[in-house]
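Read the structure below first, then the notes.
Predicted, not measured: the structure shown is a model, and the values here were computed from it.
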Amino acid sequence: QVQLVESGGGSVQAGGSLRLSCAASGYTISRLWMAWFRQTPGKERQGVAAISPGGGSTNYLDSVKGRFAISRDNAKNTLYLQMNNLEPEDTAMYYCAADITPPLTARPPLALGWYNHWGQGTQVTVSS
């Protein structure tokens with residue numbers, strides 16, 4: 001059973017940066033497709049960035065392209081999300097997700113229903 005624990009959230013001003021981490025246990029992540037999602041109250045969880053098991057392929061939500069970067073260190077069993085030039089609209093609970101099933105799409109999926117393993121989330125708050 002994959003267990004995922006996020007960390008690195010916090011409160012920053014607009015234009016600031018944060019780096020989220022997702023530590024995995026119970027399974028080696030080198031075989032896992034992984035992603036970051038975010039959710040605000042009353043809205044559906046939204047895919048932000050996804051990455052292939054080897055890290056060679058990534059996929060991003062349009063609104064974060066050029067500002068966020070997803071990466072992974074399989075030796076440390078850890079997933080990262082570097083978030084730069086943060087905007088108030090990025091305020092949300094951020095979740096790490098993983099699944100072993102290869103996607104049908106050419107790029108790592110951002111679809112909510114694709115991932116079966118989830119962390120508990122870490123809050124990111126961006127003030128203007």
Which residues satisfy the salt bridge (Lys or Arg N to Asp or Glu O under 4.0 Å) test with E87, sequence neighbours excluded?
R67

Rounded to the nearest 0.5 Å, how far does CG of L81 lie from OG of S71?
8.0 Å

Which residue pairs pass the ring pair (Phe, Tyr, Trp, His ring centres under 6.0 Å) test with at least one member in residues 49-80, sequence neighbours excluded?
none

Do W114 and L110 sit in the same hydrophobic cluster, where Ile, Leu, Val, Met, Phe, Trp and Tyr count as joined when their side-chain heavy atoms come under 4.5 Å apart?
no

Not counting sequence neighbours, list each pair that qualifies as a ring pair (Phe, Tyr, Trp, His ring centres under 6.0 Å) and has a residue in residues 5-40.
F37-Y115, F37-W118

Could you check whether any side-chain heavy atom of M34 comes within less than 4.5 Å of a side-chain heavy atom of L4, counting everything from C-beta outward?
yes

Quick one: pull up OG1 in T58 and CD1 in I70 and give me the separation to the nearest 0.5 Å.
7.5 Å

Donor-acceptor pair, E6 side chain versus G121 backbone, under 3.5 Å?
yes

Identify the two heavy atoms, one from S127 and one from P88, that lie closest to each other, and give their separation to 0.1 Å.
C-CG, 4.5 Å

Any idea which heavy atoms bring A98 and L32 closest together, and the distance?
CB-CD1, 4.1 Å

L20 and L61: same hydrophobic cluster, using ILVMFWY side-chain contacts below 4.5 Å?
yes

Gap between atom CD of Q3 and atom SG of C22 - 0.5 Å precision:
11.5 Å

Quick one: are T28 and N77 in side-chain contact, heavy atoms under 4.5 Å?
yes

Are Y95 and V64 co-members of a hydrophobic cluster defined by side-chain heavy atoms under 4.5 Å apart?
no

Spacing of OG belonging to S21 relative to CD belonging to Q82, to within rounding of 0.5 Å:
9.5 Å

Okay, side chain of D73, backbone of T78: is any donor-acceptor separation there less than 3.5 Å?
no

Is there a donor-acceptor pair closer than 3.5 Å between any side-chain N or O of N74 and the backbone N or O of G54?
no

With clusters defined by side-chain heavy atoms of hydrophobic residues (ILVMFWY) lying less than 4.5 Å apart, directly or transitively, does Y94 cluster with V2?
yes

Salt bridge (Lys or Arg N to Asp or Glu O under 4.0 Å) with K76: which residues, sequence neighbours excluded?
none

Are any non-hydrogen side-chain atoms of T122 and S7 less than 4.5 angstrom apart?
no

Sequence neighbours excluded, which residues qualify as side chain to side chain contact (heavy atoms under 4.5 Å, CB included) partners of Q123?
T91, M93, T125

Sequence neighbours excluded, every pair satisfying salt bridge (charged side-chain N to carboxylate O under 4.0 Å, His left out) that has a member inside residues 30-44:
R38-D90

Minimum heavy-atom distance P109-A50, with the two atoms named:
O-CB, 3.3 Å

CG of L18 to CG of N84, rounded to nearest 0.5 Å, is 9.5 Å

Closest heavy-atom contact between G56 and S52?
N-OG, 3.3 Å

Within one Ile-Leu-Val-Met-Phe-Trp-Tyr cluster: I29 and I100, side-chain cutoff 4.5 Å:
yes

Side chain N116, main chain D99, donor-acceptor under 3.5 Å:
no

